[in-house]
Amino acid sequence: MHPDLSADLCARLREAFLNTGYTADGVVDALGPQAHAALGRGEPEPARRASEDAGSLGTLIRLFLLGDEEPEKDVRAALAGVDVDDAVKNEIVAAGRTSGDFRAGLDVRPYEDNWWVIADLDSDVRGGAVPEDHVLGVGHASISLARATKRTPVGTLLDLGTGCGVQALHASTHAERITATDLSERALKLAQGTFRINELDVETLQGEWFGPVRNRRFDQVVCNPPFVVGPPRVDFVYRDSGLGGDDASALVIRQLPAFLNEGGVGQLLASWVHRRGEDWEERVSSWLPRGGIDAWFVQRDIAEPALYVGTWLKDAGVDPRSPEGRQKAAAWLDWFEENDVQGVGFGYVTLRRTDEMHSQVICEDLRHAYDDPLGPEAARWLDNVAWLRANPDLLGQRFRVADTVLLEEVSEPGDEGWRKVVARLHRTDGPGWQHEVDEATAKLVAGCNGALPLEDLLSLLEFAYGEIDAEAALPIVRDLIRHGMLIPA
């Protein structure tokens, strides 16, 4: 049996949380910045101490965020208005190990703009490995996808594989109608609770992959699929698809365009294998249907097999040193060796359906650290690609350099003083794009102040410095436009 988080129960929980101040802002205010930061690092004791004088809010913090057991009378006071017996029946809280105490039955926590997310308790609170049908809460992957998603207003949005519903929460800020699907009945039950407690009207459908929305199209699709690469098995439904290798990512990328309206955008997290002698860019590009799709693959990381296996075992609460952990790790590493997998790439994929003749497929490495969310950059990339398609003759266009672009030069000492080793253009906002440039390109970009068309700038450079290959310059200009470093004037 799965919990039935009814509209009435969720409304009463919401009222109780608002009354006690159990919100994202309320928790930060109660704990203070240092204890709250420690909690984020997985160090609960400072938060436990800070919550002692916070009354009913402190009770809820310890109950749901720290995994502590709390006296029944305190829990009932903190959840005033909630039928606690109903909350127990539907797993919100459970009887503690000590008679007369309650503990959390589900992970119910404030999130971002005073939302709440309902998920299963993680392995740390459970004190062991999570079950197969575990519903993951807000993790690094889901936050990364939310930050990488464009937020341009749309009419319809599909959250494929919604899990606890966090992507649909974010979608509510820019989508008029949201549909959320999942294969897992338990995930949909908890997602429905997430939607109800946040007073959101979301259509929920159960089924595998795109099956529940067959013959429908959307303006936007977001997906955090079970993208873990390995043998074709299912240990945990939130991460394992039952498909071998990177077939889950390939399946979503192949099928997603058929569910987009013209101009619609799909965005997902994905993984792909790196094999000796195989280009990862060719591999992921081969998953796309022929034509009609602008695609941007951004590789954020590559993990070697041993690190990859150990990370995912620990993620599920499996001790790699235990007999179970050793057996799983051995089978996983054997599969990597048998399939000549040298590493596993991970990143973001943005797809746009277009009926234009010439679609654009770009694969890029973006493995350095940056702070700005990638969502606005994805929207800008799509706009820039559309502009380039509509303006194939760049020579007649005027451009200016983005205000955030700098020219960096690195020199080393030599016999006759400093010798320039490399020069690069660096955009200091967004994902911090960098392009190494030669002297001619640096001068060309410096001349882009909106006054002269590109053709005239090239002529001036040729007059001043000799022969300039315009055809060689155009691909560089296109890259700088796609990356927002040169802007049409």
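The structure presented is a predicted model; accordingly, all values stated were derived computationally and were not measured. Nothing fancy with the numbering, it's 1 onward along the sequence.
Put simply, the side chain of Thr204 does not reach to within 4.5 Å of the side chain of Thr181, judged on heavy atoms. Contact annotation: the side chain of Pro33 never approaches that of Val28 to less than 4.5 Å [non-hydrogen atoms, C-beta and beyond]. Looking at Val445 and Val401, their side chains come closer than 4.5 Å, going by heavy atoms from C-beta outward. Side-chain contact between Pro305 and Leu333: present, with at least one pair of heavy atoms (C-beta onward) separated by less than 4.5 Å. Glu262 has its side chain within reach of Thr354: a pair of non-hydrogen atoms, C-beta onward, lies under 4.5 Å apart. Trp116 has its side chain out of reach of Leu169: every pair of non-hydrogen atoms, C-beta onward, lies at least 4.5 Å apart. By the 4.5 Å heavy-atom criterion applied to side chains, Arg326 and Arg321 are not counted as neighbours. Using a 4.5 Å heavy-atom threshold, the side chains of Arg186 and Asp120 count as touching.
No more than 12 heavy-atom neighbours from other residues, nucleotides or ligands sit within 6.0 angstrom of CZ on Arg12. No more than 12 heavy atoms of other residues, nucleotides or ligands sit less than 6.0 Å from atom CD of Glu15. For Arg216, the CZ atom is densely surrounded, since the number of other residues' heavy atoms within 6.0 Å is greater than 12. Within a 6.0 Å sphere centred on CD of Glu43, other residues, nucleotides and ligands contribute more than 12 heavy atoms. Around the CZ atom of Arg214, the shell of radius 6.0 Å holds no more than 12 heavy atoms that belong to other residues, nucleotides or ligands. Remark: His368 NE2 is packed, more than 12 non-hydrogen atoms of other residues, nucleotides or ligands lying under 6.0 Å away.
The residues Asp279 and Arg283 are annotated as not salt-bridged, no charged nitrogen and carboxylate oxygen being separated by less than 4.0 angstrom. A salt bridge does not link Asp294 to Arg353: none of the charged side-chain nitrogens sits closer than 4.0 Å to a carboxylate oxygen. Looking at Arg482 and Asp479, a side-chain N of the basic residue comes within less than 4.0 Å of a carboxylate O on the acidic one, giving a salt bridge. A salt bridge does not link Arg300 with Glu364: none of the charged nitrogens is closer than 4.0 Å to a carboxylate oxygen. We find that Glu377 and Arg147 are not joined by a salt bridge, their nearest charged nitrogen and carboxylate oxygen being 4.0 Å or further apart.
The backbone N or O of Ala119 sits nowhere less than 3.5 Å from a side-chain atom of Asp107 that would complete a donor-acceptor pair.
Scanning all heavy atoms of the two residues, the minimum distance from Leu145 to Cys223 falls at CD2-O, 3.5 Å. Closest of all the heavy-atom pairs between Leu351 and Ala295 is CD2-CB, 3.6 Å. Pro44 approaches Leu66 most closely through the heavy-atom pair CB-CD2, 3.9 Å. The two atoms that bring Arg196 and Leu5 nearest to each other are NH1-O, 2.6 Å, heavy atoms only. The minimum heavy-atom distance between Ser359 and Gly291, with the atom names listed, is OG-CA, 3.9 Å. The shortest non-hydrogen separation linking Thr350 to Ala378 is OG1-CB, 4.1 Å.
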(message) For a side chain to side chain donor-acceptor pair (under 3.5 Å) check, start with the C-alpha distance between Asp4 and Asn90, then their side-chain angles and the critical distance, and finish with the verdict.
(response) CA-CA 6 Å; Asp4 179 16; Asn90 291 292; over 6 Å; no
(request) Show your working on side chain to side chain donor-acceptor pair (under 3.5 Å) between Asp159 and Thr162 and close with a plain yes or no. (result) CA-CA 6 Å; Asp159 178 8; Thr162 190; 2.7 Å; yes
(request) Could you walk me through whether Phe227 and Phe346 pass ring pair (Phe, Tyr, Trp, His ring centres under 6.0 Å), step by step? (result) CA-CA 9 Å; Phe227 55 70; Phe346 167 83; 5.5 Å; yes
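The side-chain contact (heavy atoms from CB on, under 4.5 Å) with Thr156 is formed by just one residue from the set Arg177, Glu203, Glu176; it is Arg177. Just one residue in the list His483, Arg424, His426 forms a side-chain hydrogen bond (donor to acceptor under 3.5 Å, both in side chains) with His435, and that residue is His483.
Between the CD1 atom in Ile302 and the OH atom in Tyr308 there is a gap of 13.0 Å [rounded to 0.5 Å].
With Trp335 as the aromatic partner, Arg233 does not meet the cation-pi criteria of under 6.0 angstrom to the ring centre and within 45 degrees of the ring axis.
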N/O donor-acceptor pairs under 3.5 Å from side chains in residues 268-275, not counting sequence neighbours:
from: Trp272; atom 1: NE1; to: Gln299; atom 2: OE1; distance (Å): 2.7
from: His274; atom 1: NE2; to: Gln299; atom 2: OE1; distance (Å): 2.8
from: Arg275; atom 1: NE; to: Asn339; atom 2: O; distance (Å): 2.7

